[in-house]
Each structure stands twice: as structure tokens, then as C-alpha cells.
Amino acid sequence: MVAVPAVVTDAYERLVAEFDKLSTTQKYAVGVAGGVASAYLVGSLLFKSKCEKSKPSTFELTGGSIDSAKVKEEFAAYADSYGKNAGEGIVDRSKTVHLVDVFYSLVTDIYEWGWGQSFHFSPKLPNKDLRASEAAHEARVAALLRVKPGMKVLDCGCGVGGPMRTIASVSGAHVTGITINQYQVDRATRHNEKQGVAPLTEVVRGDFLNMPFKENTFDGAYAIEATCHAPKLEGVYGEIFRVLKPGSYFVSYEWVSTAKYDASNPEHVKIIDEINFGNGLPEMRTYKEAEDAGKNVGFELVMSMDLATASVVAGPWYERLRMGKCTHTFNHMLVSAVDAVGLAPKGLKEVHHMLVEVAKSLIQGGETGVFTPMHLLLFRKPAPGEKKK
Ligand SMILES: C=C(CC[C@@H](C)[C@H]1CC[C@H]2C3=CC[C@H]4[C@H](C)[C@@H](O)CC[C@]4(C)[C@H]3CC[C@]12C)C(C)C
Ligand SMILES: C[S@@+](CC[C@H](N)C(=O)[O-])C[C@H]1O[C@@H](n2cnc3c(N)ncnc32)[C@H](O)[C@@H]1O
């Protein structure tokens, strides 16, 4: 006889006790939901064994670089770091970089599992599916940077490398990605190898406020929905300016509040506070502050435009989240199930709940138009002796 571990028998007894408390209708609903969830789990296990494994399954969700026994306490510390006053964000800004590292350990597997390898939004293009729209949003960066084969490009805040693989492939340039999170370095490197782009890519762990690169190294740099994590925008923009060759371009897709944001409107402030908390942001900047930050470190501002409203035919960036609401609820049942049987790190269910909630705030930010995750800023580092435009 094989002994059933105590953790499984305990979880089973707890589930049976909870089930007994439900009404008949509730029991029926749980039965149907349980059946669907089990079919999904078994189906995904069988399917997975047959195909190339590129994303974690529900059973494999981890706390990234955080030991699974510490996920709960690290998430509690992360949650505590946000102030309770309206508009406060992270109270001790000197802890931002560490908290962002923790944040990405907690969410990276869930993002890959439920979204993909590109950790950003994209406008939905007519007659193009999500992946094609995503790739077009990424390829725009390569075009704006005017980079060619043989050139060196910096990806500032590269995640698990979705954009770098597109940008290296379409341009032929070499892309070096930097991320604060070691787990993402490992994931990105592995994806680059498996997808055949290793010769044109490299991923390093480092802080984009103090990068391990010499001045005038890169022929172009970009940041996709990443510099919003910096405690001060000038800090990261100044570093990018330093490592760029004179005459080269820097493109950023910035998370900012728009001209519609009214700091005296409590509803607007609440939406932005929730977005900050659920996305590891120290605070939210206005698009004007982002433009000024670039100019303050010496860049020439070439283009500034909100891509969320730039095209009248493209669908809204938040549509994918809005359409996914039922999936998020279903996903929460899956995460709760693996949590109940002890197969997920304790605390990951709470992290998932935070993401379910932030999806709602992001949709509100998009619907009210007070927030955009894609304000395009194109900067250029002037060549020596060039007059500032
Ligand atoms: C640029 C940043 C991340 C942007 C997006 C990639 C992520 C923002 C919110 C995330 C998600 C919300 C809901 C999750 C859902 C509940 C879960 O079941 C599956 C994953 C989600 C869809 C998840 C995916 C990534 C986001 C869309 C920030 C951090 C600066
Ligand atoms: C939302 S993800 C975007 C990732 C990628 N650009 C993409 O679109 O898939 C933000 C990224 O910024 C990185 N990041 C945040 N703060 C950082 C810092 N101080 N130094 C280096 N990377 C940082 C995170 O680790 C993460 O990889």
C-alpha cells in the first residue's frame, strides 16, 4: 500500500468540510465547475506531454527566484510597502528596486501561463490576431530605432524576452536585454535558445539605474512598459543616455496618466493607486513628466504620442483584458485548486487574486482614458557639437 501524504489527506478533509456547508445549488455549481477544471487539468497534462513545453502548466507555477516557503511572507511585505493614503504609492522609495524584483518573482510564471512571453499590451489591429498585433507593436520599435544587422541594441527591462526576439529577428541587429530578476534572465535565455535567436541575443541581470555597460556602447535602446518601475524616471533615462552612442535613438512605451487624469477626482486617484499596487509601480507619472525627464538628461524629444488613441481603426489595448474576465475567474479556481492540494507555493493564490483585481483597474483606466500603457516617446542623443533642437 502506498501511504497518502498527510498534506493531501488534510487538504481533502478541509475540502469535504467546506463542501458540506454549501446549499444544494451551490454543491451542484461546485460539482460542474470541478468537473470542467479537472477535465482542463488532465487535458493540459496529456497535451503537454506531446508538445514543446514553452510555458508553465498550472501545476508548475512557482515563486520565481523566491523559495516557495517564502512566497507568502514576501508577498505580505510587498503589499505592506504601499501607503494607505490616496496617491501615495511605495512609501519608502529606496526599496523600489528590491520590491520590483520580488514582484517579478511572484508574477512571472503567472504572466507566462495566462498571457504569453511579451509582458505588455498592444492595440488590436483589424483582421490580425493577438499575436500578430503584439508582434507589430514590437516591430515598430525596430523601425523607429533605424537599426540594421551588425548594430547593437539595448532592451531595458526585457522580461522573458518576447519583444527582444521579435526585434532581433526583424532587424537583424543584436539585442542585449537587462532585467532585475534572475528568474526572468533564466527564462529569457532558455526561450532564446529554443526559438533559435540565441546568436542575436544576450540577457543579463542588472539594475537599469546602474547598468554594467560602458558609455557609448549601443546603436539604439528601447524600453517597453518597463521604465515605469524606476523610482525616478531621470535615473533610468540618464543611464540609457550614457550607454547610447551619440546620434542614436531611444524609444519608450511609457505607463503614464493622460491629459484626462484629474488629481482632484477621487475615482481617478483610486484607479491609479490600484494600478500602481497591482503592477509594482512606485508611483504614476504624467506623460508631460516623462517628456521632461528625457529632456532633463540631455535627450532631444523627437516624437511624443499616445498609441492608445493614435489609430482610429485599432481596437483598445484593454480589450484583451475585458474579454478575458471569465478566464481570470476560471484561472482563479485552478490556482485555488492547486493551492488547496498543496501543489502551489502558499501565497501564490493571493498573488493571483491581486492580478484578478488589477485587471479590473486597468480596464477602468483604459475606459475612462485617464491611463495609458503605451505613450510613445522617441528620444535622440545629440551628436557632439550639434545644436539642441
Ligand atoms: C507592463 C506591466 C505588465 C502588463 C501586463 C503584461 C500585465 C498587467 C496585468 C496582468 C494580468 C492580469 C490578470 C491576470 C489573470 C488574472 C491571470 O489568470 C492570468 C494572467 C493575467 C491575465 C495577467 C497577465 C499579465 C498582465 C496583463 C506592468 C507590470 C508594468
Ligand atoms: C512589464 S515587464 C516588461 C518586459 C518586456 N519589456 C516586455 O514587454 O515583455 C518590466 C520589466 O522591467 C524590468 N525592471 C523593472 N525595474 C528594473 C530595474 N531597476 N532594473 C532592471 N530591470 C528592471 C522587470 O524586471 C521586467 O523585466
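We count ligands from 1, going down the list as the structure has it; atoms in each ligand are counted the same way.
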Answer with yes or no whether G162 contacts ligand 2, where contact means a heavy atom under 4.0 Å from a ligand atom. no
Considering only the protein, which heavy-atom contact is closest to atom 1 (C) of ligand 2, and what is its distance? Y104 OH, 3.0 Å
Step-by-step salt bridge (charged side-chain N to carboxylate O under 4.0 Å, His left out) determination, R190 to E193: CA-CA 5 Å; R190 186 156 154 249; E193 280 162 8; over 6 Å; no
Would I180 count as a polar contact of ligand 2, with the cut-off being nitrogen or oxygen pairs under 3.5 Å? yes
For ligand 2, which atoms have a heavy atom of S118 less than 4.0 angstrom away? 9 (O)
Atom 21 (C) of ligand 2: closest protein heavy atom, distance to 0.1 Å, is G206 O, 3.1 Å
List the steps, then state whether salt bridge (charged side-chain N to carboxylate O under 4.0 Å, His left out) holds for K270 with E267. CA-CA 5 Å; K270 184 166 179 280; E267 193 209 338; over 6 Å; no
Hey, does the side chain of E112 reach the backbone of P56 with a donor-acceptor pair shorter than 3.5 angstrom? no
Between P163, S122, C228, which one has a non-hydrogen atom sitting closest to atom 7 (C) of ligand 2? P163
When you check the gap from the basic side-chain N to the acidic O, do E239 and R242 get nearer than 4.0 Å? yes
Side chains of S54 and H191 only: does a donor on one sit below 3.5 Å from an acceptor on the other? no
Going by side chain to side chain donor-acceptor pair (under 3.5 Å), name the residues that satisfy it together with R165, two or more places apart in sequence or in a different chain. Q117, N192, Q195
Atom NZ of residue position K84 - does it have more than 12 heavy atoms of other residues, nucleotides or ligands inside 6.0 Å? yes
Considering non-hydrogen atoms of the protein only, which is the closest contact for atom 8 (O) of ligand 2, and what is the distance? H120 CD2, 3.2 Å
Looking at K288 and E291, does any basic side-chain N land under 4.0 Å from a carboxylate oxygen? yes
Atom 23 (C) of ligand 2: nearest protein contact (heavy atom, Å): F208 CE2, 3.4 Å
Taking both backbone and side-chain atoms of I224, is any N or O found less than 3.5 Å from an N or O belonging to ligand 2? yes
Does the N276 side chain pair with the main chain of L281, one donor and one acceptor, at a distance under 3.5 Å? no
Stepwise salt bridge (charged side-chain N to carboxylate O under 4.0 Å, His left out) test for R322 and E367: CA-CA 10 Å; R322 204 159 50 183; E367 284 174 344; 2.6 Å; yes
Quick one: look at C158 and ligand 2, take heavy-atom pairs under 4.0 Å, and tell me if it's side chain, backbone, both or neither. backbone
Geometry only, no angles: is F119 polar-contacting ligand 2 at N/O separations under 3.5 Å? yes
Which protein N or O atoms sit under 3.5 Å from any N or O of ligand 1? Give each pair with its distance.
unit_1	atom_1	unit_2	atom_2	d
ligand 1	18 (O)	N331	ND2	2.8
ligand 1	18 (O)	H352	NE2	2.6

Identify the protein heavy atom lying closest to atom 19 (N) of ligand 2, giving its residue, its atom name and the separation to 0.1 Å. D207 OD1, 2.9 Å
Closest approach of any protein heavy atom to atom 5 (C) of ligand 2, naming residue and atom: G157 O, 3.3 Å
Side chains of D92 and S81: any donor to acceptor distance under 3.5 Å? no
Relative to each other, are the rings of F218 and F213 parallel, tilted or perpendicular (30° and 60° limits)? perpendicular
Less than 4.0 angstrom from a charged side-chain N to a carboxylate O is my criterion; do D101 and R205 meet it? yes
V100: numbered ligand 2 atoms lying under 4.0 Å from its heavy atoms: 15 (C), 16 (N)
For atom 25 (O) of ligand 2, what's the nearest protein heavy atom and its distance? T179 OG1, 2.9 Å
Sub-3.5 Å N/O-N/O distance, Q184 and ligand 2: yes
Residue portion contacting ligand 2 (non-hydrogen atoms closer than 4.0 Å) for H229: side chain
Starting at CG of L376, measure out to OH of Y253 and round the result to the nearest 0.5 Å. 6.5 Å
Cation-aromatic face contact R320/F121, 6.0 Å, 45 degrees: no
Numbered atoms of ligand 2 (with element) below 4.0 Å of G159, judged on heavy atoms: 4 (C), 5 (C), 27 (O)
